[in-house]
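Before any comments, here is the structure.
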Amino acid sequence: MKTHFVCQNCGTNSTKWMGKCPSCETWNSLVEERLDGGGDQKDSISSIRQEFRTDTVSTLQHKAHRLGDLNAGSKPKARIQIGISELDRVLGGGLVSDSFVLLGGDPGIGKSTLLLQMANAVGDRHRVLYVSGEESVDQIRMRATRLGVTPDSQIFLAGETELEAVFHLVREVKPEILVLDSLQTFSSSQIDSPPGSVSQVREIASRLMTLAKSAGISVWLVGHVTKEGSIAGPKVVEHLVDTVLYFEGDEGMSFRLLRSVKNRFGSSRELSVFEMDGEGLKEVKNPSSLFLSERPTPLSGTAVTAIVEGSRPILVELQALVAPSPLAMPRRTSVGLDHNRLSILAAISERHLGISLSQRDLFFYVVGGLKISEPACDLGAIAAIWSSFKDIPLPKSSLFLGEVGLTGEVRKVSQMEMRIEEAAKLGYKKLIVPKTMTDRIPKSLECEVIGVSHLNEFAKRFS
Ligand code: TYD
Ligand code: MG
């Protein structure tokens, strides 16, 4: 029996066991796995290709094609409109009929709920097969009833954990959409390693990919994100699938963010927001309102800025607290903004706004649990730090946009128009922007525009 050792963290192969993976340097992550699986080669990749292949696939195989000829005879890819507009948007305008989608997220975040709601939304027009390796059919049925699944929908439920059994069900039901919940619970009988190991996960993903492309079925795969070494996370199959969606959210908060990190059929970095309540997930059509705290009078230590996620602008509130520190090494704590970025912004503020943070703790928080990484938020973050230090509230309904360099200059941001429009829509009438961009703001918005080219202008203006 031939075996090899596979790192459960990064998937590196090795012929001998090692305590530390040479590639990702994780300790104790190499696990022995059999190379040649037992059993027959039923449902192997080539047999799946043979059995399920459609006419378009078979005519295109084993030949090189001139791009011009292909373009001439092609139709745009068919997309299924799910009917949950936030989900359609993240997918780039609906679900492509032979796509392979990976939905990752922490356990309990709402992945099964989302997919059941998706099945419900398309179930009256398309056949859906929902195979769960985690819950019994009756459990899913109960949840589906609670989520209001209509009686005439064509949703088929099954509880299975073996991949070969899933293929059998696919032959029987002939679904247009296949959901597998979750990647870590399925295993192929042809591979002699436990469910969730790198070999299993890879094998399952590549066979499902072949199924999706040959039979024109849209396959959804749920993957739990775990920190444990023995369970291969969705990262291992990310390169293989067409679309990778991550479902995120903070514990204790009811809203959930659905983010596309890879999409072969649309823009990645697209973001949708849902809210979880007793009746499942609801779409949040105007997410900006969610990330702004409501208060009648302005307070010190907070500033509003606008980020762009995919094709959507979102206003976010940034909060800073500067407080005297008893420690020799004052704390710099940040939630939602990269720690190094915060240190840089603090240093820039010290140098160019003349505030001393050396004996003060600095706490930074992005309201609502969003993570920001765009340089366009720099000016907003510095404004919040400055406002907390001086204990001077920033003007009501003001929005800060601008990248700040180490020299203190305020520089241009991308997609300015989109951010400004969103701000104006939500009643932000005072816009603090890079001076070089003031002429880009349409007069029709009736906003007061303040252009700043350097931080020292900012300090003079608001002191
Ligand atoms: P679930 O979809 O099972 O999570 P996952 O598949 O990602 O592990 O969702 C689990 C959580 O969602 C659970 O804590 C209960 C909550 N929930 C609601 O609050 N309302 C609902 O209508 C449903 C179905 C679940
Ligand atoms: Mg689940």
Side-chain angles (χ1 to χ4, degrees), residues 253 255 286-308 313-324 333-337 342 345-346 348-350 352-357 360-372 374 376-404 408 410 413 416 419-435 437-438 441 445-463:
M253 299 242 191
F255 68 86
N286 181 8
S288 290
S289 58
L290 210 68
F291 303 114
L292 298 172
S293 49
E294 290 159 21
R295 70 177 77 85
T297 49
L299 296 174
S300 61
T302 139
V304 175
T305 188
I307 57 170
V308 175
I314 300 175
L315 297 200
V316 285
E317 181 178 334
L318 311 176
Q319 296 188 342
L321 176 63
V322 180
T333 306
S334 164
V335 179
L337 177 72
L342 181 66
L345 294 178
I348 295 174
S349 309
E350 284 203 278
H352 298 287
L353 291 175
I355 59 179
S356 166
L357 299 171
R360 290 179 170 87
D361 288 332
L362 170 59
F363 303 100
F364 194 88
Y365 176 59
V366 182
V367 173
L370 266 188
K371 289 187 183 61
I372 58 170
E374 283 183 87
C377 304
D378 289 352
L379 189 61
I382 289 179
I385 295 170
W386 178 88
S387 164
S388 173
F389 182 90
K390 294 276 187 187
D391 198 15
I392 299 175
L394 294 163
K396 195 165 185 272
S397 306
S398 57
L399 179 99
F400 294 82
L401 278 176
E403 178 180 350
V404 181
V410 181
V413 302
M416 184 74 163
R419 301 176 206 252
I420 297 290
E421 261 166 42
E422 176 77 1
K425 212 164 71 193
L426 287 156
Y428 282 75
K429 291 292 179 196
K430 210 183 213 7
L431 310 175
I432 297 90
V433 298
K435 196 166 242 156
M437 295 193 95
T438 46
I441 295 164
L445 292 178
E446 294 176 358
C447 292
E448 182 191 345
V449 180
I450 302 170
V452 283
S453 55
H454 195 275
L455 278 188
N456 48 30
E457 283 169 43
F458 168 89
K460 268 189 228 134
R461 176 99 203 181
F462 292 102
S463 295

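Quick caveat: nothing in here was measured; it's all calculated off a predicted structure. Reckoned from all heavy atoms, side chains included, excluding hydrogens, waters and symmetry mates.
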Indicate yes or no: at least one non-hydrogen side-chain atom of Leu431 is less than 4.5 angstrom from one of Leu401. no
Take Phe363 and Val335 through the test side-chain contact (heavy atoms from CB on, under 4.5 Å) and record every step on the way to the result. CA-CA 8 Å; Phe363 303 100; Val335 179; over 6 Å; no
For Lys429, check salt bridge (Lys or Arg N to Asp or Glu O under 4.0 Å) against everything at least two apart and list the hits. none
Going by the rule ring pair (Phe, Tyr, Trp, His ring centres under 6.0 Å), which residues pair with Tyr365 if we only count those two or more places apart in sequence or in a different chain? none
Residue pair Phe458 / Val410, side-chain heavy-atom distance below 4.5 Å: no
Using 30° and 60° as the class boundaries, would you call the ring planes of Phe400 and Phe462 parallel, tilted or perpendicular? tilted
Is there side-chain contact between Val433 and Met416, with at least one heavy-atom pair below 4.5 Å? yes
Ser356: partners by side chain to side chain donor-acceptor pair (under 3.5 Å), with sequence neighbours left out: Ser358
Could you work out, with salt bridge (Lys or Arg N to Asp or Glu O under 4.0 Å) as the rule, every residue matching Lys430, not counting sequence neighbours? Glu448
Minimum-distance pair of heavy atoms, taken over all atoms of Asp391 and Ser300: OD1-OG, 2.7 Å
Sequence-distant partners of Glu403, salt bridge (Lys or Arg N to Asp or Glu O under 4.0 Å), two or more places apart: none
Among Ile382, Val367, Leu370, Ile372, whose side chain to side chain contact (heavy atoms under 4.5 Å, CB included) with Leu318 holds? Ile372
May I ask you to test the Leu394-Ile432 pair for a side-chain heavy-atom distance under 4.5 Å? no
So, using salt bridge (Lys or Arg N to Asp or Glu O under 4.0 Å) as the criterion, who are the partners of Glu457 when residues are at least two apart? Lys435
